[in-house]
Amino acid sequence: MSISYNHREIEDKWTKRWAEHPVNVKDDKKKKYYCLDMFPYPSGNGLHVGHWRGYVISDVWSRYKMMQGYHIIHPMGWDAFGLPAENYAIKMGVHPAKSTAENVANIKRQIQQIAAVYDWDLEVNTTDPNYYKWTQWIFVKMFKEGLAYEKEMPINWCPSCKTGLANEEVVNGKCERCGADVTKKNLRQWMLKITAYADRLLNDLDKLDWPEKVKKMQTDWIGKSHGAEVDFLVADQNGEKTEKKITVYTTRPDTLHGATFMVLAPEHELAKDLATDETRAAVEDYIYQSSLKSSVDRLQDKEKTGVFTGSYCINPLNGAKVPIWLSDYVLADYGTGAIMCVPAHDDRDFEFAKKFNIPIIQVIAKDGKEIENMTEAYTQASGIMIHSGEWDGMESSVLKKEAPKMIEDMGIGRATTNYKLRDWVFSRQRYWGEPIPIIHCEKCGAVPVPEEELPVLLPEVESYQPTGTGESPLADIKDWVNTKCPCCGGPAKRETNTMPQWAGSSWYFLRYVDNKNENELVSREKADTYLPVDMYIGGVEHAVLHLLYSRFYTKFLYDIGVVGFDEPFKKLFNQGMITGKNGIKMSKSKGNVVSPDDLVRDYGCDSLRLYELFVGPPELDSEWDDRGIDGVYRFLNRFWNLVTENKDKNAAETKELVKLRHKLVHDITQRLTSFSLNTVISGFMEYNNKLLELSKKGGVDVETLKTFVRLLAPFAPHISEELWEQLNQGSESVGSVFDAGWPEYDEAAMADDEKEVAVQINGKTRAVVTLPVDVSKEDAIAAGKEAVSDKLTGTIVKEIYVPGRIINIVQK
RNA sequence: GCGGAUGUGGCGGAAUGGCAGACGCAUCAGACUCAAAAUCUGACGGGGGCGACCUCGUGUGGGUUCAAGUCCCACCAUCCGCACCA
């Protein structure tokens, strides 16, 4: 046998045929299935084989659903605003719109090589004014609902990108995009009040069929905790209570009696006031030094620093006099920016107390005892309370839950919940993004651009260069900036900040299904018909950013009645990354990028699709090895030969073939529906090898071949269509294999008459016997003993028979 | 530090608690060929034996079980996420 499969000819033929007769046609009688890819950023580097994987997985799944009789929504578009295009524009002196358009054209060509069933009529591009009109519209709606607000505050600032960043965009104190150390900068910012949705974003995770890992990451990011705020009054020089109050937040109110000091963040509003004449110089110096530290420094300086303010406050529970310190290990923007410190039961407080010689009072007995010479904090909330006044004798875990209520009843504080989630810093001081549709008027304040005047077009500009001053390049375009107030008609200025990259990608899945609608973001009817997304496929790198923002947007749009669902993505699948040798991420600078273009030319689209899946489990990272593609290419050749040699033979449909056929359908369907796509491919190879054996013996019947072709179709669509056509030569109208339905299997038809059963002695296999499936336990064991009779030398103590699998004879 | 994932031949990987290494890559041998490529056939974890066979073996150490890659406990390594959130 030799190579007779001509992938180029076949793939060209079917590319043309499908262009003329699309296989996924809209049909209102069918149920919809929305299978979505995370849309790409059209980078100038083009696609590598790693990008292919997610698209192949989603296409296989779409085609499978299509064969099951669904009408598939399977769109593709471009997330095209953002820094790389802008940086490229700055470097090359071309308008980012131009380079973006070129990149889109190139990536679209590459994506079309995958031969996925994308419906290109649904295409969207976030930089298209007809698209970002609605990105702006959502912002206006949020503004009107009080969810978008302005605030002057110290924000994360990337000195390299020269723009502010959201918390989510700071990774280990570095810029998510460029890796530069993030600093703080005081800037007027637009914020989105995502915290108003914290509880819903947390609770609704339960509804989602998502990887646990992603749910966990979002849960941790939202970071809800229960505890209490406790009010401490500042003491005067005589140790008497004053009116001045400092509120702390704690999740361990049970340890309140053990609070031996208090720490305020250096940025706390009372920090300076608490200094005395003796401490003022040191306190002010500490506050100043802290303000200079970048967030990286603050993270890396694990050694505790601090300064005593000279002031004390009174523990409201036991009247103890508690010294007040400042330290940068307390965060200004979480809780109240002040904490009570219980060194006996908190690692950080312990470390601080040791360093500054502050007393340590144990209030929870560990193993029923008070610890002598504590060397580390006892942080578990389990044990009996000691040194705790009337709380003595209570169980700490119980008290921890009840204390907030008790504190509230005593009038010294209140039960509270807190979140790590912060509001979303939404403005960027860059050019290539959606202008924020706000007009600033001296008289009327911030006024949204009237909805009928949207979109606010991104103006042409001389220089895209970020200014670095905290102003966007748009600020230089005076005749754009100066405008009239929509409210009073007086002179006013446009907002010159733009939106972050995430703005356009937070709702694009809605626009696909109604991408030409000029009057609405999406018609309610279409949204109700086609959404939410049934299956969302993409990389895990968006676990918090994009996926959290999209959920927030969807919930907002649900609240204002635009859509009728409050979670956008029912099911999520994260494909693993394809890396170069030794697990190194493919990148231009590493020189290990494998382009799909050559592989498609040499092996064909179908082979590359199969190999993308065969390379490893889809949810795990896999190392790319070019040589491996030969294996799937050989398989397709052998399958081609199997079908073409048998299609006209009219071989009889033997019992063996029927059984094999049903098993094939069963195995492939099982593996496919459990997303074990690599073993689907090995299953195809295995069954192909078996059929080739049978082909040599007496031939393979056409029904079996047709069944195999249908199963293979979602994976290798071109060769399957071609063989389907050949197998149906002579029938009235052949039709596409994708209209042929997904094959079904019959358990009864798969059943074997007899099975090979391993015979073990003390758990070690010594023989194999073939037994009828309905053999009795006694007969099975008898047959087993017979097969190993020469090795049965001891006393038999136990006999195990697992039907169809194993006989184990235990002897002493 | 906390949390999660992973660990199986030369390599990628497969195994509802039931014959470890399916399927493929690479390698070796054979067939075909003047030859090479392609294709086809076969071998392919380690050690031992002429031999049918024996024995060890799924990161390490224990445990549960008739039976463990799989379940439990304690470690080790690698990768990922979070990281002073009180």
Side-chain angles (χ1 to χ4, degrees), chain A residues 1-4 171-173 211-214 216-217 219-221 223-225 227 248-253 255 263 265 298-299 301-304 327-331 333-342 345-349 351-352 379 418-422 540-541 543-544 576-577 581 583 610-611 614-617 619-632 634-635 637-638 641 670-671 676 678-689 692 756-768 797-811:
Chain A
M1 251 187 262
S2 60
I3 297 268
S4 44
V171 179
N172 293 328
E212 286 307 317
K213 176 187 166 125
V214 176
K216 178 98 184 15
M217 282 169 73
T219 303
D220 290 350
W221 192 262
K224 184 175 186 175
S225 68
V248 300
Y249 172 69
T250 179
T251 56
R252 292 297 302 278
T255 63
V263 176
R298 228 164 133 153
L299 278 176
D301 292 352
K302 289 286 181 181
E303 178 80 8
K304 298 269 181 293
S327 174
D328 66 4
Y329 83 90
V330 173
L331 304 176
D333 59 347
Y334 179 79
T336 61
I339 60 170
M340 67 172 210
C341 299
V342 185
H345 303 288
D346 181 279
D347 291 327
R348 298 151 302 186
D349 300 346
E351 190 192 331
F352 195 87
T379 57
N418 249 312
Y419 301 88
K420 291 188 193 174
L421 184 70
R422 311 291 149 92
V540 74
E541 66 273 17
V544 260
M577 205 181 12
K581 261 264 151 284
L610 292 188
Y611 188 56
F614 188 59
V615 71
E619 70 281 5
L620 299 182
D621 291 353
S622 298
E623 281 180 31
W624 188 263
D625 179 358
D626 261 346
R627 290 176 301 189
I629 197 172
D630 285 312
V632 292
R634 285 176 197 141
F635 155 68
N637 274 290
R638 285 194 284 253
N641 291 335
Q670 284 269 291
R671 294 173 191 191
S676 180
N678 53 328
T679 63
V680 169
I681 310 303
S682 41
F684 281 138
M685 292 171 168
E686 212 173 330
Y687 278 96
N688 188 48
N689 291 343
L692 283 165
E756 290 194 341
V757 177
V759 184
Q760 301 183 333
I761 296 173
N762 295 348
K764 293 194 171 163
T765 303
R766 299 296 174 194
V768 175
V797 290
K798 200 162 189 178
E799 294 165 341
I800 313 276
Y801 172 55
V802 181
R805 291 207 175 266
I806 214 141
I807 294 163
N808 192 7
I809 294 157
V810 186
Q811 68 175 11

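As a basis for the values below, the full set of heavy atoms in this structure was taken, side chains included, without hydrogen atoms, waters or symmetry mates. Residue numbers start from 1 in every chain, and the chains themselves are labelled A, B, ... in the order their sequence lines are given, proteins ahead of strands.
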Conformer about C1'-N of B:rG10 - syn within 90° of 0, anti elsewhere: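 Nucleotide B:rG10 adopts anti.
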Out of [options], which has the shortest distance to the side chain of [X]?
X	options	value
A:T679	B:rC23, B:rA15, B:rA86	B:rA15
A:L331	B:rA86, B:rC25, B:rU16	B:rA86
A:R638	B:rC25, B:rG3, B:rC40	B:rC40
A:N172	B:rA83, B:rG12, B:rC19	B:rA83
A:Y329	B:rA22, B:rA86, B:rA26	B:rA86

Between [N] and [M], how many Å separate the two [atom1] atoms, rounded to a whole number?
N	M	atom1	value
B:rA15	B:rG9	C1'	15 Å
B:rA38	B:rA31	C1'	14 Å
B:rG21	B:rA14	C1'	8 Å
B:rG13	B:rU8	C1'	9 Å
B:rC25	B:rU6	C1'	22 Å
B:rU70	B:rG59	P	8 Å
B:rU33	B:rU27	C1'	22 Å
B:rA43	B:rG24	P	13 Å

Lys NZ or Arg CZ of A:K304 over A:F352 ring: under 6.0 Å, within 45°: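 Negative - A:K304 is either too far from the ring of A:F352 or too far off its axis.
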Toward the 5' end of RNA chain B, by each residue's nearest nucleotide, A:S676 or A:Y249: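 So the residue in question is A:S676.
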Which residue lies more 5' along RNA chain B, comparing A:T251 with A:R671 via nearest heavy atoms: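 It is A:R671 whose nearest nucleotide is closer to the 5' end.
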Which part of the nucleic acid, if any, lies within reach of [X] when heavy atoms closer than 4.0 Å are counted: base, sugar-phosphate only, or nothing?
X	value
A:D347	nothing
A:K213	sugar-phosphate
A:Y419	nothing
A:R627	sugar-phosphate
A:N678	sugar-phosphate
A:S622	nothing
A:E756	base

A:Y687-A:S682 side chain donor-acceptor pair, cut-off 3.5 Å: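 Result is no, nothing qualifies.
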Donor-acceptor pair between A:Y611 and A:D626 side chains, under 3.5 angstrom: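 Short answer, no.
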Donor/acceptor link under 3.5 angstrom from A:K304 side chain onto base of B:rC84: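 In this structure, the two groups form a donor-acceptor pair.
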With distance as the sole test, does [X] use its side chain to make a donor-acceptor pair with the main-chain N or O of [Y] at under 3.5 Å?
X	Y	value
A:D328	A:A265	no
A:N808	A:G763	yes
A:R252	A:T379	yes
A:N688	A:F684	no

Pairing partner of [N] (Watson-Crick or G-U wobble, both distances under 3.5 Å):
N	result
B:rG61	B:rC73
B:rC66	B:rG18
B:rC23	B:rG12
B:rG45	B:rC56
B:rA37	none
B:rC2	B:rG81

Do you know the tightest heavy-atom contact between [X] and [Y]?
X	Y	answer
A:G335	A:N418	CA-ND2, 3.6 Å
A:D621	A:M577	OD1-N, 2.7 Å
A:T336	A:Y249	OG1-N, 3.6 Å

Return no unless some side-chain N or O of [X] is found under 4.0 Å from OP1 or OP2 of [N].
X	N	result
A:K764	B:rC56	yes
A:S682	B:rG13	no
A:R766	B:rA52	no

Length of the line joining A:M685:CE and B:rG13:C1', which is rounded to integer Å: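 So the two atoms are 12 Å apart, to the nearest Å.
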d(CG, A:D346; P, B:rC2) in whole Å: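 Answer to the nearest Å: 15 Å.
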Which protein N or O atoms sit under 3.5 Å from an N or O of nucleotides 64-67 of chain B?
residue: B:rC66; atom: OP1; partner: A:K798; partner atom: NZ; Å: 3.3
residue: B:rC66; atom: O2'; partner: A:N808; partner atom: ND2; Å: 3.2
residue: B:rC66; atom: O2; partner: A:N808; partner atom: ND2; Å: 2.7

